[in-house]
Amino acid sequence: MGQLCGRCMQLLRDFVAFVQRMSSDLLHSIKECLTLIIKCSCLKQGSSKARQLYKPVLQPHERVTAQEFLQHIERGFETSPLGKDPLEALRTLAFSENPGLQQSAALYYLHMSQHMNIPLPAEHLEPFYALLRSADLEVQQMSSLSLVNFLLEGNIDKELVVQMGLLEPILDLLESDDPTVQCNSCACTMTLAVSESNRDAIGAARGVTPLLSLANSYDPRVQQNAVGAILNLTQSERIQQVLCKEGALPVLIFLLESPDSEVQYYSCAALSNIAVNAQHHEAMLRTGERFLLRVLTSLLSSPVDKQVSSQACVCLRNLATSADTQAEMVSQDVLPKLCSLLASGSEPVRRASVALLWILSQHPHNQDALVCAELLQSLGTLLSAHTTDPVIAGHAACIIKNLSLSKNRERIIESPCVEGLLQAMLSIDIREDSLHYVTSCLAELTKEEGATLRMVQQMDEPLMKCLVRLAGQVEHTEPSFQAASIIQHVIDHEKMMHLLKCHIREIQAYLENFLTHREIRFQQLGISTLCRLQADPEFSLAFRKSQMAKLLEQVRQQTEETQELLRAALCHTES
């Protein structure tokens with residue numbers, strides 16, 4: 001037989017290398033497949049029948065074992081139930097291959113979780129790994145429930161649970177066939193997901209997919225806890241991306257029609273969190289041919305749970321970033337439902353509904369539709385009934401100001417809104433930002449004679465005192481300017497001049513501040529007010545006795561200097 005040439009030898013070597021490489025890849029694939037199968041929770045389930053969680057049924061010998069262990073602990077470790085010896089006993093029982101012994105450990109942990117009011121030491125978390133991994137269904141039920149109890153009572157640090165490696169067995173139990181184990185593992189996940197680091201860990205461990213699957217469970221307890229866990233996960237923008245990629249939006253949107261109000265609330269709150277990020281809006285609105293807007297609008301009048309109505313308002317508000325979406329909301333007859341919610345006995349509902357109306361009122365195309373007697377009546381009543389609520393007062397004032405276009409002002413003036421704004425101004429603390437919105441709205445309305453007459457009718461000594469006090473505020477410049485602007489507009493009415501004479505000294509003080517203010521608008525408002533007040537003999541006499549003339553002269557000199565500088569600048573520009 002002849003010897004192979006160099007070319008054929010190289011081909012043979014390449015073929016051998018190819019076969020070796022293929023064999024290695026095949027072996028790796030086989031190992032990877034077997035590893036995934038071994039890790040699957042279906043191989044870890046016991047064959048025992050599912051039993052009621054809160055009354056675990058034990059076989060006679062198992063019950064005796066558990067009772068003897070509990071008696072031993074009570075006799076020997078009454079003063080130190082969390083000491084070294086009971087911990088070693090629990091470790092021995094938990095890591096035993098005997099289901100009865102594991103049940104004894106799980107039962108003791110369940111007993112501790114229901115009666116202990118002190119933190120559980122970190123070393124006591126170690127046996128949980130073996131108990132959660134147990135093939136015995138009752139051990140899984142009791143250990144997962146005890147872990148839920150510890151977490152809910154705050155006896156365990158939530159980050160520590162993940163650091164100790166318990167997240168993996170908890171998430172594996174999500175794929176259990178037993179509803180009780182599913183319920184408890186969902187509750188554990190929901191409780192752990194309150195921290196940012198834990199949310200990232202759950203996302204990295206691919207805990208999102210089984211939770212979405214359990215969100216469609218027929219067991220109401222499982223479904224509630226699964227959707228609750230998803231809600232907590234939506235507080236992370238990173239996990240929001242994972243949820244949307246895994247198909248969470250259709251699941252959550254169609255759960256809005258769930259007969260369970262708690263599931264409705266959790267799913268609506270989760271969608272509200274996702275809607276904070278505008279990049280998700282297109283996908284959210286596209287699902288079911290804009291089904292989301294229709295169902296959220298219907299939830300505004302939820303007869304079952306006002307929390308659901310409140311959360312529907314929040315979700316609609318977060319979605320209302322475009323003019324088209326706002327117009328669609330208005331066209332779906334949302335206004336009567338929002339007017340009804342403004343009169344709700346629930347503070348969160350009132351706040352959520354007025355915040356949504358504020359968003360809708362910002363777009364000019366919605367304003368004509370919103371200016372109706374029912375809404376204006378509701379806003380006026382809301383302001384009068386909740387004058388001390390800064391959130392309601394601020395949003396209501398912004399709505400009224402947005403709606404006070406030239407063709408709409410008369411309807412606003414004729415409504416109870418003016419009286420409501422005046423009462424709110426009287427009640428809100430000076431440190432609240434909403435006071436600026438209230439005074440700004442009133443100052444804008446006083447530009448109309450009709451609104452000024454309504455204010456004059458309502459004005460009394462407490463309201464005038466409030467206006468003068470606000471005008472004299474140095475630290476809060478905007479309410480100060482707006483209050484002084486209101487005073488300037490009502491001076492010409494005899495009733496107002498009579499009320500103002502009780503505060504000559506205070507008015508003189510804030511006018512002096514205005515004349516020396518660095519902003520031109522304050523100086524101009526001060527001069528304008530001064531001119532009108534000097535028509536009254538008492539004010540005129542008081543001003544002559546003060547430094548007002550000296551301050552006016554300083555303003556005049558500054559103005560002349562400014563004019564000279566302007567003339568010089570213009571000459572240079574022209575040349």
Side-chain angles (χ1 to χ4, degrees), residues 256 264-265 268 272 292-320 323 325-405 407-424 434 437-438 441 445 454:
L256 292 175
Q264 279 186 321
Y265 175 77
C268 194
S272 298
L292 177 58
L293 289 184
R294 295 196 299 272
V295 71
L296 286 173
T297 302
S298 68
L299 288 177
L300 293 179
S301 54
S302 172
V304 181
D305 193 340
K306 289 302 179 186
Q307 277 191 317
V308 175
S309 299
S310 174
Q311 200 55 235
C313 280
V314 174
C315 194
L316 286 170
R317 182 188 68 199
N318 292 342
L319 286 169
T325 303
Q326 289 186 21
E328 189 172 349
M329 290 180 189
V330 174
S331 68
Q332 290 185 7
D333 209 23
V334 71
L335 187 55
K337 295 176 181 179
L338 289 176
C339 287
S340 176
L341 292 178
L342 292 177
S344 170
S346 167
E347 179 183 286
V349 172
R350 294 192 301 269
R351 288 186 168 191
S353 56
V354 77
L356 174 56
L357 277 167
W358 168 59
I359 294 292
L360 295 177
S361 71
Q362 292 178 5
H363 199 278
H365 291 300
N366 298 329
Q367 291 168 353
D368 289 340
L370 293 178
V371 179
C372 64
E374 183 182 7
L375 175 60
L376 297 177
Q377 179 68 40
S378 298
L379 287 173
T381 304
L382 184 70
L383 282 167
S384 299
H386 304 284
T387 53
T388 58
D389 190 323
V391 175
I392 286 178
H395 281 123
C398 289
I399 294 169
I400 296 168
K401 189 174 181 179
N402 290 338
L403 299 181
S404 62
L405 300 173
K407 59 182 178 180
N408 295 325
R409 282 190 180 182
E410 187 175 346
R411 302 176 72 176
I412 293 173
I413 292 168
E414 294 173 353
S415 74
C417 290
V418 174
E419 292 89 333
L421 289 168
L422 288 172
Q423 293 303 315
S434 55
Y437 303 127
V438 171
C441 183
L445 289 174
R454 288 294 296 271

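Throughout, residue positions are numbered sequentially from 1 according to the sequence presented.
- Across every non-hydrogen atom of Leu299 and Ala312, the tightest pair is CB-CB, 3.9 Å.
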Under 3.5 Å, which donor-acceptor pairs do the side chains of residues 337-346 form with other protein atoms, sequence neighbours left out?
residue : atom : partner : partner atom : Å
Lys337  : NZ   : Thr297  : O            : 3.3
Ser344  : OG   : Ser346  : N            : 3.0

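- Atoms CG and NE2, on Leu356 and His395 in that order, are 10.5 Å from each other to the nearest 0.5 Å.
- Rounded to the nearest 0.5 angstrom, Arg294 CZ and Glu328 CD are separated by 8.5 Å.
- Closest of all the heavy-atom pairs between Arg411 and Cys372 is NH2-CA, 3.8 Å.
- Counting only distance, with no hydrogens or angles, the side chain of Gln362 and the backbone of Asn402 share no donor-acceptor pair below 3.5 Å.
- The OG atom of Ser353 sits 7.5 Å away from atom CD1 of Ile392, with the distance rounded to the nearest 0.5 Å.
- With sequence neighbours left out, Ser272 forms a side-chain contact (heavy atoms from CB on, under 4.5 Å) with Gln311, Val314, Cys315, Asn318.
- Taking the side-chain contact (heavy atoms from CB on, under 4.5 Å) definition, one finds that Ala393 meets it with Leu383, Ala424, Ile428, Val438, sequence neighbours left out.
- Contact check on Arg454 versus Glu414 returns no salt bridge, with no Lys/Arg side-chain nitrogen under 4.0 Å from an Asp/Glu carboxylate oxygen.
- The CG atom of Asp389 lies 8.0 Å from the CG atom of Leu382; values are rounded to the nearest 0.5 Å.
- Residues Lys407 and Asp368 are in side-chain contact: their nearest non-hydrogen atoms beyond the backbone lie under 4.5 Å apart.
- The OG atom of Ser384 sits 9.0 Å away from the CG atom of Leu421 when rounded to the nearest 0.5 Å.
- Among all heavy-atom pairs drawn from Ser298 and Val295, the shortest one is OG-O, 2.6 Å.
- With Ile399 as reference, Leu357 is the one residue of Leu370, Leu360, Ile359, Leu357 to meet the side chain to side chain contact (heavy atoms under 4.5 Å, CB included) rule.
- The environment of CD in Glu410 is sparse: at most 12 heavy-atom neighbours from other residues, nucleotides or ligands sit within 6.0 Å.
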ask   = Step by step, would you call Leu376 with Val371 a side-chain contact (heavy atoms from CB on, under 4.5 Å)?
value = CA-CA 7 Å; Leu376 297 177; Val371 179; 4.2 Å; yes
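- Under the 3.5 Å distance criterion, the side-chain polar atoms of Ser415 are matched with a main-chain donor or acceptor of Ile412.
- Nearest approach of Cys313 to Leu300, heavy atoms of both residues: SG-CD2, 3.4 Å.
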With side-chain contact (heavy atoms from CB on, under 4.5 Å) as the test, would you mind laying out the steps for Val391 and Ser434 before giving the verdict?
CA-CA 7 Å; Val391 175; Ser434 55; over 6 Å; no
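- Interatomic distance, SG of Cys417 versus CD1 of Ile400, reported as 4.0 Å (0.5 Å rounding).
- Between Ser361 and Leu403, the closest heavy-atom pair is CB-CD2, 4.2 Å.
- Ser378 places a side-chain N or O within 3.5 Å of a backbone atom of Glu374 that can act as its donor or acceptor partner.
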Audit row: Leu319, Met329, side-chain contact (heavy atoms from CB on, under 4.5 Å) steps and yes/no: CA-CA 10 Å; Leu319 286 169; Met329 290 180 189; 4.1 Å; yes
